[in-house]
Amino acid sequence: MKIECTIDGKHLLLTVNSNKPLNLILADELETPLLTIRCRDGSCGNCVVLLNDEAVLSCLIPAFRLKGARVLTFEGYQKTRFWHDLERAYEDTGSHPCPHCYASKTLIFESLLQMIVKSESGASRDEEPDEETIVREIGLNKCPCLDAHEMLDIFKAAATYRRRRRVRRY
Amino acid sequence: MYEGIRSPAVHMPKTMSDLVSASTRFPNATFWAGGTFIMSRHDYYPTRDSNDIISLNEVPELKRINRTDRYLEIGATVSFEQLLTVGKQVLPGLLQMTLERSATKIVRKQITVGGAICTPQIRLALPGTLSALQAEVEVKSCMGPKTETRWLEINRLYDKKGAFLLKKNDLVTRIRLGFEREDFSCHIAAGDPMTNPGETVMLSFACFHNQSVVDRFRMCITFPTSMFLIPHEVDMMMHGTMLPLTTQQIERVVRSIMEEVLSSSDHEIPPIQVERSRRFIESALHELNAQSLSER
Ligand SMILES: Cc1cc2nc3c(=O)[nH]c(=O)nc-3n(C[C@H](O)[C@H](O)[C@H](O)COP(=O)(O)OP(=O)(O)OC[C@H]3O[C@@H](n4cnc5c(N)ncnc54)[C@H](O)[C@@H]3O)c2cc1C
């Protein structure tokens with residue numbers, strides 16, 4: 001199957017099996033580093049990417065759903081300005097995910113930050129994430145390197161930077 | 001591409017009639033909703049015998065949530081998250097609780113109501129909850145030139161062991177719930193049905209009562225790979241019973257349901273599932289009592 005999509009800002013025409021999972025496409029065709037393929041069944045949570053700006057487990061996305069889609073892996077995300085909010089939050093709090101889950105947890109944090117932006121702008125009916133939601137969503141990645149307090153501290157710090165960014169923009 | 005691995009054809013019908021005709025023309029194709037169950041099977045990819053795919057995601061009727069005078073109708077490809085955000089005001093509390101406790105937001109955006117009902121090998125939390133709420137499902141049978149559409153009570157989709165009774169070409173299109181609200185409900189679950197089905201127990205319970213007199217008592221106990229039990233006798237036994245229940249009544253209900261649990265399996269049920277079931281039933285009944293006392 002031929003699929004046109006955009007991965008990390010590059011427009012690509014891929015020839016892949018229609019049911020091939022996105023994590024394998026990224027690993028085989030694009031040799032994306034940092035994306036660990038552990039479980040293949042959504043249970044480790046270590047293959048998160050942003051698909052059309054929403055966090056997804058790439059092992060649960062088949063190639064045929066990528067037609068016309070925008071995929072952002074952690075490498076691509078690091079080139080965006082949004083990354084700096086989390087980078088600074090990690091620095092400020094002195095807590096950060098371990099190297100094994102750094103990419104996935106960071107992208108889950110980003111999806112939670114997007115919820116603030118969307119709920120404040122009225123673009124989504126999603127509410128701002130509460131503490132339970134934050135801990136549960138980050139827990140999609142099963143690596144135990146961050147405890148609940150660290151997750152909440154990181155999120156709070158990153159949210160402050162993200163809000164300032166919005167205030168400055170408008 | 002992997003050598004010798006076929007790339008399945010993907011059909012993406014845009015209307016219900018195209019969907020029906022695709023299912024008739026490709027009887028061996030797999031219906032694809034959120035894909036979370038299909039893709040989480042260990043033998044999913046690469047495999048030599050992958051069926052063609054019929055994606056359900058482009059059919060607008062399947063994505064709708066409708067409110068009529070009497071029913072809430074939910075399209076089969078409505079996602080858990082969509083149902084939670086759109087229907088919060090009209091959702092029964094038990095359903096909301098079940099959806100919120102399933103997976104995480106990120107995964108709930110992908111899990112569809114139809115997909116969670118139609119998993120072939122495993123029973124998840126949603127069927128038990130919808131059974132306790134006496135939901136009905138619309139099923140279209142797409143074999144041959146004639147398409148038959150019928151509404152079934154959801155518990156008729158499974159046998160006591162949780163086996164899925166629909167045929168491969170039967171398509172679930174809508175789920176229908178009445179507006180009558182349960183007076184008490186609870187959903188208790190332990191374990192992960194996907195990764196640890198042998199230890200998981202899920203209990204959904206809805207009780208309708210009228211001035212402290214039990215009218216309907218609907219409980220469903222689910223073991224993901226071996227049980228989907230609705231103790232109908234207890235429903236009859238409890239009809240007309242005054243709340244709060246006495247200690248003896250609670251013991252009698254627990255004993256009766258546990259006897260059914262233990263007798264409905266051919267093989268020995270793991271002790272952890274037996275113990276969890278007993279405790280969940282007790283705890284549900286005590287919660288019912290607590291609520292009825294607080295309403296006095
Ligand atoms: C990471 C993860 C966490 C999870 N956590 C939970 C949890 O906490 N609680 C829980 O209950 N479940 C959980 N699940 C399981 C999830 O609910 C199932 O995977 C469910 O089947 C998902 O629906 P889907 O739309 O993705 O189904 P799909 O994978 O698309 O389909 C499932 C099956 O149903 C068939 N099918 C789909 N739609 C229809 C239809 N309309 N008519 C007829 N057949 C149809 C398909 O052919 C397939 O056989 C989890 C899954 C994952 C991957």
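Bear in mind that the values here come from a model prediction, so they are computed numbers and not experimental data. Residue numbering restarts at 1 for every chain, and letters A, B, ... go by the order of the sequence lines. Just the heavy atoms: all of them, side chains too, but no hydrogens, waters or symmetry mates, feed the values below.
Heavy-atom distances place both the backbone and the side chain of B:Ile106 under 4.5 Å from chain A. Residue B:Thr195 touches chain A through its side chain alone, counting heavy-atom pairs closer than 4.5 Å. Within the 4.5 angstrom heavy-atom criterion, atoms from both the backbone and the side chain of A:Ser18 approach chain B. Of the atoms belonging to B:Met12, it is side-chain heavy atoms, and not backbone ones, that fall under 4.5 Å from chain A. Residue A:Ile25 does not touch chain B at all, counting heavy-atom pairs closer than 4.5 Å.
A donor-acceptor pair shorter than 3.5 Å can be found between the side chains of A:Asp92 and A:Tyr161. Counting only N and O atoms by type, the side chains of A:Thr160 and A:Arg164 include no donor and acceptor under 3.5 Å apart.
The aromatic ring centroids of A:Phe82 and A:Phe109 lie 6.0 Å or more from each other.
No option in B:Leu130, B:Leu83, B:Val78 other than B:Leu130 meets the side-chain contact (heavy atoms from CB on, under 4.5 Å) test with B:Ile175.
Taking a cutoff of 4.0 Å between a charged side-chain nitrogen and a carboxylate oxygen, A:Glu110 and A:Arg162 qualify as a salt bridge.
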